[in-house]
Each structure stands twice: as structure tokens, then as C-alpha cells.
Amino acid sequence: MDIQNFIKPESNIVILTGAGISAESGIQTFRAADGLWENHCVEDVATPEAFIKNPALVQNFYNQRRSAILSANVKPNPAHYALAELEEKWGALNGGEALLITQNIDNLHERAGSRNVIHMHGELLKMFCTNCTLPMQNETAKKYDIQKDIDEHTLCSDCHESGTLRPDIVWFGEIPYHMDVCARALQNCDLFLSIGTSGNVYPAAGFVQEAMLAGALSAEINLEPSANASIFSTGFYGPASQKVPEFIQKLTAPPS
Ligand code: OAD
């Protein structure tokens with residue numbers, strides 16, 4: 001299906017990205033064949049229970065991920081740049097809006113120039129204090145920028161407690177951020193585009209159904225068909241750095 005031929009004026013686009021879009025930028029995806037994430041079970045490093053049980057292990061794990069995304073080798077790739085260009089041009093070209101929802105905790109979309117970005121699983125370069133935050137209020141907690149390591153001695157600048165700062169990551173068992181904004185955007189979207197995600201983690205994996213129930217067309221761009229590939233109107237398979245710019249070039253080309 002050639003989606004580009006069905007796009008009408010004033011069409012809203014929602015783009016969901018996952019780890020696959022950052023793979024060619026040097027950041028490892030989650031679901032490797034061995035099921036481990038950088039040699040850890042996710043339960044040991046990505047749950048609130050893990051943080052209570054072994055805070056040093058969890059902090060160390062995210063300290064390593066943080067320093068990796070800040071390393072000189074990690075840079076946005078052509079897929080990130082193509083999405084930033086789409087956001088910039090789409091309003092003028094079509095009159096609609098383009099919203100980017102990412103499951104990624106890196107900052108590569110922003111570094112490529114995207115501004116309308118929702119980090120539904122949080123951000124590695126932010127932290128918050130569990131002592132200053134009411135339980136279950138992580139989304140609205142006061143966030144602090146962080147580039148260095150956090151450990152049990154790091155003091156909160158507001159309450160001056162130590163050991164209470166944690167990475168601003170949505171862990172398993174916690175509620176993803178900005179679900180109200182996502183739901184509204186999916187209700188009003190005409191094209192839903194999913195890039196570099198395996199379709200295993202909900203609620204993100206259910207966004208395609210929400211969008212299509214609201215009448216949207218949908219496409220996935222991934223290295224291989226995702227877990228819910230059969231639901232999409234169409235799919236384009238190959239490296240994101242090639243397939244995303246190709247798709248966006250066609251989408252934004254003047255009608256022939
Ligand atoms: P996954 O690791 O589950 O899936 C990444 C997908 O990207 C796979 O389907 C790969 O085939 C595909 N892929 C790999 N390299 C690619 C490339 N160069 N171009 C295009 N596609 C490529 O990652 P996510 O689906 O993002 O949550 O995982 C979702 C969530 O699970 C993450 O946000 C994280 C994790 O647990 C939390 O930490 C809360």
C-alpha cells in the first residue's frame with residue numbers, strides 16, 4: 001500500500017519510536033536473542049523493587065547507560081534527522097501536526113532537532129528525588145538535569161537527603177508518562193508511524209490499534225516484522241537510517 005497517496009491536507013501524524021531507531025547510533029536494543037539487557041535481567045535493574053533491594057546495582061547500571069549516551073561516538077543518525085525535518089516542515093506542507101512519542105530514554109531526537117517529543121519511558125539525563133515526590137507521582141515530580149553519576153551519597157539539592165535521587169526512568173510496574181496527551185493525539189491522528197520497536201511492551205504496543213480504531217492509516221518501519229506487524233496497514237523492513245528518510249521523503253514530496 002502506498003500510504004503517501006492517501007494523505008489528505010491537514011493530516012495529523014503520530015510517530016512512535018523504539019530502541020531500533022538508535023541502534024545505528026551505537027545504543028544497544030533491549031531484546032537481544034539472549035533476553036538480557038547489557039547482561040542483566042530487566043527485573044534486576046528496571047523495577048522499583050530492584051532499586052529498593054540493590055540501589056547501587058541499579059544506579060551503576062544507569063550510570064553506565066548515561067555515560068554511554070554522552071560518549072562522543074553516540075550521535076543521531078539519518079532516521080533521527082529525517083523525523084526532525086518532518087516535524088519542521090509538516091505544518092507548512094500539509095497543515096497538520098506531527099507528534100513524536102518515544103520509548104527511548106536517550107536524547108538523540110532532541111539532538112537531531114525534534115522539539116515536539118514525548119518521552120513516555122522517561123529520560124536518562126534527568127533525575128528526581130523520591131523523598132520530595134509523593135508515591136506514584138513520578139510524572140509530575142520536580143526533575144533535575146544530570147550528566148554525571150548518581151550514587152548513595154548524592155544529595156538532593158532541595159531536601160538535602162542522600163540516597164533518594166533516582167534516574168527519571170519509567171520502570172516495569174510504573175505508569176508511563178503523558179498517557180493523556182498520547183491518547184488524545186492517537187484519537188486525532190490520520191497516520192500512525194511506528195519505528196524500531198518490537199511491539200512487546202504495552203501500552204506503546206497498543207497505540208497502533210488505538211490509532212486505527214480512530215480511523216488512521218498505519219505503517220511500521222523496522223528491521224524485521226514486529227510482534228504486531230499484521231495489524232499495520234503496511235510495513236517497510238530494513239535499517240531505520242535508510243527506510244525512515246526514504247519514507248519521509250516520499251511523504252513530503254510534492255504531489256505528482
Ligand atoms: P526492543 O529491543 O524490544 O526492539 C527493538 C526493535 O528494533 C526490534 O524489533 C529490532 O528488530 C529493531 N531494530 C534493531 N535495529 C534496527 C535498525 N537498525 N533499524 C530498524 N529497526 C531496528 O526495543 P523497544 O521495542 O524499544 O522500556 O522496547 C520497548 C521497551 O522495552 C523499552 O522502552 C524499554 C524496554 O523494556 C523500559 O525500560 C520501560
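It should be emphasised that the depicted structure is a prediction, and the values quoted were computed from it without experimental measurement.
Between N200 and A227 the shortest heavy-atom distance is OD1-CB, 4.2 Å. Closest approach of A82 and P245 over heavy atoms only: CB-CA, 3.9 Å. The shortest non-hydrogen separation linking I221 to K243 is CG2-CB, 3.4 Å. Shortest non-hydrogen contact noted between I101 and C182 is CD1-SG, 3.6 Å. Heavy-atom minimum distance, P76 versus L108: N-CD2, 3.6 Å. The two atoms that bring A240 and A79 nearest to each other are O-CB, 3.5 Å, heavy atoms only.
From M127, atom CE reaches atom CD1 of I146 across 4.0 Å, with rounding to the nearest 0.5 Å. Here the straight-line distance linking atom OH of Y144 with atom SG of C156 works out to 4.0 Å at 0.5 Å rounding. Put simply, CG on D145 and CG on D168 are 10.5 Å apart, with the number rounded to the nearest 0.5 Å. In this structure, the separation between NE2 on H178 and CD on E139 is 5.0 Å, given to the nearest 0.5 Å. Distance CG/L165 to SG/C159: 7.5 Å, rounded to 0.5 Å. Here Y237 contributes atom OH and L223 contributes atom CG; the two are 11.0 Å apart, rounded to the nearest 0.5 Å.
For the pair F232 and P225, the minimum side-chain heavy-atom distance is 4.5 Å or more. For the pair Q59 and E152, the minimum side-chain heavy-atom distance is 4.5 Å or more. In this structure the side chain of E110 reaches within 4.5 angstrom of the side chain of R115, judged on heavy atoms. Using a 4.5 Å heavy-atom cutoff, the side chains of D158 and C129 are not in contact. Side-chain atoms of L70 and L125, non-hydrogen and from C-beta on, do get closer than 4.5 Å to each other. Considering only heavy atoms from C-beta on, P48 comes within 4.5 Å of E174 through its side chain. Looking at heavy atoms from C-beta onward, Q103 lies in side-chain contact with M120 at the 4.5 angstrom threshold. Side-chain contact check for L193 versus L251: every heavy-atom pair is 4.5 Å or farther apart.
Using a 3.5 Å distance cut-off with no hydrogens or angles, the side chains of S241 and N77 do not pair a donor with an acceptor.
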Review item, side-chain donor-acceptor pairs of residues 7-19, under 3.5 Å, at least two apart:
{"unit_1": "S11", "atom_1": "OG", "unit_2": "K8", "atom_2": "N", "d": "3.4"}
{"unit_1": "S11", "atom_1": "OG", "unit_2": "K8", "atom_2": "O", "d": "2.6"}
{"unit_1": "N12", "atom_1": "OD1", "unit_2": "E97", "atom_2": "N", "d": "3.0"}
{"unit_1": "N12", "atom_1": "ND2", "unit_2": "N188", "atom_2": "O", "d": "3.0"}
{"unit_1": "T17", "atom_1": "OG1", "unit_2": "T102", "atom_2": "OG1", "d": "2.7"}
{"unit_1": "T17", "atom_1": "OG1", "unit_2": "H109", "atom_2": "NE2", "d": "2.9"}

Show every donor-acceptor pair shorter than 3.5 Å between a side-chain atom in residues 206-219 and any protein atom, with sequence neighbours excluded, or say none if there are none.
{"unit_1": "S218", "atom_1": "OG", "unit_2": "S233", "atom_2": "N", "d": "3.0"}
{"unit_1": "S218", "atom_1": "OG", "unit_2": "S233", "atom_2": "OG", "d": "3.3"}

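Cluster membership check: V170 does not share its hydrophobic cluster with L100, using side-chain heavy-atom separations under 4.5 Å among Ile, Leu, Val, Met, Phe, Trp and Tyr. Under the 4.5 Å side-chain heavy-atom criterion for grouping Ile, Leu, Val, Met, Phe, Trp and Tyr, I248 is not connected to F192 through any hydrophobic cluster. In the hydrophobic clustering of ILVMFWY residues, with side-chain heavy atoms under 4.5 Å counting as a link, I169 and I69 come out together. One hydrophobic cluster holds both V117 and W90 under the rule that ILVMFWY side chains link at heavy-atom gaps under 4.5 Å. A continuous path of ILVMFWY side-chain contacts below 4.5 Å connects L124 to V42, so both sit in one hydrophobic cluster.
Judged by distance alone, with hydrogens and angles left aside, the side-chain atoms of T133 form no donor-acceptor pair with the main-chain N or O of T130 at under 3.5 Å. Checking side-chain atoms of D151 against main-chain N and O of H153 turns up a donor-acceptor pair under 3.5 Å. Under a 3.5 Å cut-off, the side chain of N116 and the backbone N or O of A98 do form a donor-acceptor pair. A donor-acceptor pair under 3.5 Å is absent between the side-chain atoms of E161 and the main chain of N131, judged by distance alone.
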Step-by-step side-chain contact (heavy atoms from CB on, under 4.5 Å) determination, E123 to N107: CA-CA 8 Å; E123 293 175 76; N107 62 349; 5.9 Å; no
side-chain contact (heavy atoms from CB on, under 4.5 Å) assessment of N63 paired with I150: CA-CA 7 Å; N63 287 340; I150 320 176; 4.2 Å; yes
side-chain contact (heavy atoms from CB on, under 4.5 Å) between F6 and L191, intermediate numbers included: CA-CA 10 Å; F6 293 88; L191 173 61; over 6 Å; no
Chi angles and distances behind the side-chain contact (heavy atoms from CB on, under 4.5 Å) call for S22, H80: CA-CA 8 Å; S22 296; H80 296 102; 3.4 Å; yes
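Shown here is Q64, whose CD atom has more than 12 heavy atoms of other residues, nucleotides or ligands within 6.0 Å. Summarising the local packing, CD of E88 is surrounded by 12 or fewer heavy atoms from other residues, nucleotides or ligands at distances under 6.0 Å. Within 6.0 Å of CG on L155 lie more than 12 heavy atoms contributed by other residues, nucleotides or ligands.
Applying the ring pair (Phe, Tyr, Trp, His ring centres under 6.0 Å) test between F51 and each of F61, W171, Y62 identifies W171 as the sole match.
Salt bridge absent: E49 and K53 never bring a charged side-chain N and a carboxylate O closer than 4.0 Å.
Annotation: cation-pi geometry not satisfied between K126 and Y177 (NZ/CZ under 6.0 angstrom from ring centroid, within 45° of ring axis).
When the side-chain hydrogen bond (donor to acceptor under 3.5 Å, both in side chains) test is applied to S114, no partner is found at least two apart in sequence or on another chain.
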